[in-house]
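Report on the following structure.
Below, chain A is the first sequence line, B the second, and so on; all start at residue 1.
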Amino acid sequence: MVGDSIHPSTGKIIVLKPALLNPFWRFFGYFWRFHCWPDHLLSCISAILRASSPPFAAMLSQLDSLKTEALTALDTLSDEAALEAFRVDYLGKKGKLTALSGGMREVPADLKKEVGAKLNEVRDAITSGLTVRLEALQAAKDASAVAGIDITLPGRPGAGVGSLHPLTQIRDLAVRTLRRMGFTLADGPEIETEWHCFDALNTPTDHPARNESDTFYMPDGKLLRTHTSSVQVRTMESAKTLPVRIIAPGAAYRRDEIDATHLSVFNQIEALYVDTDVSLADLKGTLEYFFREVFGPTTVVRFRPHFFPFTEPSFEIDVKLEAKGKEARWIEIAGCGMVDPAVFAEISKKRGDSLFDPEKVTGFAFGMGLDRLAMIMHGISDIRHLIENDVRFLQQF
Amino acid sequence: MQVSLNWLQTHIDLSSYTTPQLSDLLTFAGIEVEGIEVKGLATDKVIVAQIQSFEQHPNADKLSVCQVDDGSGTLRQIVCGAKNFKAGDKVPLALPGAALPGGFEIKEGKLRGIDSNGMMCSSKELGIGEDTGGLWILDTDLPIGKPINQIVESDTLLDLEITPNRSDLLSHLGLARELAALTGLPLKGVRDHVQASSTTRTAKADEVTLAATDGCPYYTARIIKGVKVGPSPAWLKSRLESIGLRPINNIVDITNYVMMEMGQSLHAFDLDKLSGGIVVRRANEGEKILALDGQEYALLTEDLIIADHQRPLAIAGVMGGEETGVIEGTTNILLESAYFTPSGVRRTSRRLSLHSDSSYRFERGMDPKQVQGGSDLAIKLILEIAGGVAEAELRVAGEAPALVSTVELDEVRTHRLLGIPTLTTGDAHDILEKLGLIKQSANTEKSLWTIPSYRLDLHRSVDLVEEVARVIGLDRVPSKFNATFASGDATDRHYDHAMQLRQALVNRGYNEAQTLRLISTPQIEDALGNPLAQAGAAMLKNPLSEDLTALRPSLIPGLLASAALNIRQGASRLRLFEVGRVFLKMPNGMVREEERLAILLSGPASPSSWHGRVTAAADVFDLRGVVESLPGVSALETKALKDNGTFLMHSELKIGNRVLGWIAQVHPARARQIDARQPVYVVELLLSALRQGSTGPAKFTDLPRFPGMTRDVAFELPADVSHSKVSAFFASIKEPLLIKSELFDVFTDPTGTKLPVDRKSTAWTLTYRNSEKTLETAEVEAAHARILAALQKALPVTIR
């Protein structure tokens, strides 16, 4: 557009604000832009031209040669600064074309139309030549700006790649899945009383798990919970209404030597659902959905009858793992069952009310080792990787 | 428990089941099959051979050169390392080409220069027995040349995990009984040994005295005189060997056999070595016993023992004594068959770390009604195998306790618990009857059942429901799923918040660590001396090792240990964090559990790449920047604390009055111990404090409609005037147009050339805006001038 200019360093076209254009361009640009020449003006020009034909003829040839000169000069220009200088030289306020167009005043009125047309033609030619040249130069510059860049090079690392621990990931997957099924989270202390960890869960007084060789004790007689099942007890102890539908992810402790398959501190997730009419069918449905969500829709699980003091009937759950070229294996993954009435009885005794009356409520519970789940899911061969925090390990997840 | 399929088949014909089918059947009845092993020789190139003669190998002291008759008509020369044979013995001979278990093939060859054309074998080498003591000496009446695999039948061994409630399955008869219930197949012989064949009389006080009836309410003894102790017959040896028991002598083998056959643990004493009758009592202070395993055990007064009138003879239910055991030369024996209460046996066995097949069974509970039947079976075998004469009557002390009674099955309860619509009363009753329960009475709602004496686990209605569920299996249970709305509480919010923090750190390039909650005593040092530390660490009463003695009072020790491991592996750029629980020992001795977040930073500020290999080391401001970016953190304030041996640049972090945590550089002396080559920075924050900062949804502030103006100012001030003082000045100044002050440069010159060393120059950008109108330059200039004047008045600064 007339009046626009090219920024000397960026090469961008700057749209000049109206106030910055000189009065001539404000005036002339108006006609140029709208191709609307008022009749009275045209007749005036032609009268002038007719009155003095020699300046008129000279002016026409001057315009022609100016055009030739300008277009030839344009071809030699190779940078944007030179183009800007050219523009000022020809089209600027004191430019050559501007100077020539000053002669219009002397053109007879009846010829003004012809000269004006010529003037326009020359201006258009120079302007468009300038635009073409400028676009060509910009195109060349744009191309050279990216020339030689090897796009196959790797990206900038930024702050580097962080990672969530695989146990966090598997725990969160379990939590998200179970929350969608209508479970909420529950928590409890890891330093527990023997009552919460064993007594309330129908564990015989001389059960081996209570032994100091199997369980860590604190000097005051409390212990480090051997399972997250103690959270079941805590939840029922303080529940205000039914149903109780909770999950409790957390750490548990066993006095085991650390080796490739054992940690003395490990991670579990526990679930408990108690209401007036919870059956084995609810347990089966919940766990089947859960494992399909975690291991994929074609997952096959089996329930093997088992024994736990705090559930009856009790089952262990195996998931069928199929790997290419290998025989499918059943991997034991969780324990579950219907809450033993003895547990409800003990809770009721402690609460002193009948919310968990063993004759009125039923419930299911399940628990699983998250470390084992993570190992199966990711093919981790040695459980110690989960606690060593070797960055080469962590960054794989 | 090891179970021999051949042995099992003496009770029930399982030939219609393949091993995998049998394995599934057991597994889905709650008896997990942990292993299956097929025993026996596949090759027929191992034959019965007779050693005709042998002589010392000329070149080797320990080898003999034997001439062996293999039935071919010509003697075969074999070089042998065993010593337990004599000329005329029949032994298994592996001919060249025979493949032995373990893929070991026999070839003709020379041993120390002498030809050896085969190998004479032990039962272990053939995969038939456990005996490695030398050649397997075969019965002399076996025909020479007969393949061994025609003599020793192959067998399948099942390794079963019997749950602790099912002590009745700890014998072949018990398992056969269960399989009969599961398959509907009949038992070949008796169902149990409750019905005794012997007659009894009450033991006289000088024969058997029960002095601790809570530990042993029922004891029987039978005297057999004139037995001939010797090796067991082949069938008995092979039965025991098949399940991994070592044959000892006929009497001991019979007691072991009866235990594995029907579950009753017995003990045979050499009657002639007893002084007076049997006393079942608690051990006296200081008593010791030399047990059959050759170890001497010091007994406590809570331990139940079998004694004579002078000394302890056996640790009740656990192990017999060495001195009174049955050995070759014993002629008269006293056979004990008794019931010991589980808890006592468990306590003693565990305390002494002495576990036997016997203690395993007594601990889980044995059927007291089969004490006499077990004794009867053993006596019958002893008389058959070892001869002798048994006393007519069994001496009995005490009474067999009644451990089972009748139990009610409630239909409504069964359906409510199992949720199987297709389950009929008939189905349930059928299952219970197959399991040996006897229906006493029944109506539409309830039925009453008599429990067999061996099912010590069935006491309550729910126990019967469990039996039904176990036998039916979960296949018939429909999958039901009723999700209900659950409103989350604080625990849910805390979980989400912790996940949000983790994700924020992961997005900043940090790796999440999870360290053990137990740490070593030296590691506690890394957790102390910080503003969050309380009275130290909570120590375990019974740690397993020196490495894990205390509950962590901070996440820092674990992160430092992880850093050390990574540095050893060659990593230098460490960005670790952990979110987890710590355990604070409070001044009052209680232990408080608290959730924290800790971050560890060390090494180059950015990862190396082709854009630049070496980058500057990260510093404490990188770590502080991470903290400031966490959700809930704004206007972080620091309060410097004194350095200590473990931490430098040690500061408490606060938001207003709320303590958020602390930040520090690990003392270089400590960092050198873990071989860190670049400074290590740590921060530990309280999750509860972080949560307080991020409550509720964010409130929108309207965007400014009028442009602002900025003015820069640079000023010099003493180096020890902290940034926080200057920023506090800008924050507190009452100038309505000033909306923001931002530090953009701090300059110091340690050489003192451009600026004295005790001075620093800082530069700030101040932003002015009026929310109601476009600012006039003059207003801004005036406000800026007022601020600079106030600044010079408030702080020792020189405007540049």
Go through the steps to decide whether A/His165 and B/Glu578 satisfy the test side chain to side chain contact (heavy atoms under 4.5 Å, CB included), and finish with yes or no.
-> CA-CA 9 Å; A/His165 195 279; B/Glu578 179 168 12; over 6 Å; no
What distance separates A/Asn211 CG from B/Arg351 CZ, expressed to the nearest 0.5 Å?
-> 12.0 Å
Under 4.0 Å between a Lys/Arg side-chain N and an Asp/Glu carboxylate O for A/Arg302 and B/Asp475?
-> no
Test log, rule side chain to side chain contact (heavy atoms under 4.5 Å, CB included), inputs B/Lys480 and A/Lys284 = CA-CA 7 Å; B/Lys480 192 171 143 201; A/Lys284 187 183 175 190; over 6 Å; no
Side-chain heavy-atom pair A/Phe308, B/Thr163 within 4.5 angstrom cut-off | no
For B/Pro164 and A/Phe307, the nearest pair of non-hydrogen atoms, with its separation, is CG-CD2, 3.7 Å
Side-chain ion pair, B/Asp24 and A/Arg304, N-O less than 4.0 Å | no
Which residues satisfy the ring pair (Phe, Tyr, Trp, His ring centres under 6.0 Å) test with A/Phe366, sequence neighbours excluded?
-> none
Under 4.5 Å from any heavy atom of chain B - which part of A/Glu212 = both
Pair B/Arg502 + A/Asp172, salt bridge at N-O below 4.0 Å | no
So, B/Arg575 side chain and A/Val161 main chain: donor-acceptor pair closer than 3.5 Å or not?
-> no
Value rounded to 0.5 Å, distance of CG in B/Leu565 from CG in A/Asn389 = 8.0 Å
Heavy-atom distances under 4.5 Å only: say whether B/Leu551 touches chain A with side chain, backbone, both or neither.
-> side chain
In sequence, state the C-alpha distance, the side-chain angles, and the governing distance for B/Thr515 and A/Ile387, and then conclude on side chain to side chain contact (heavy atoms under 4.5 Å, CB included).
-> CA-CA 5 Å; B/Thr515 65; A/Ile387 55 159; over 6 Å; no
Taking A/Arg255 for the side chain and B/Asn542 for the main chain, is one N or O donor matched with an acceptor at less than 3.5 Å?
-> yes
Note: A/Asp187-B/Arg581 ion pair, threshold 4.0 Å (strictly below) | yes
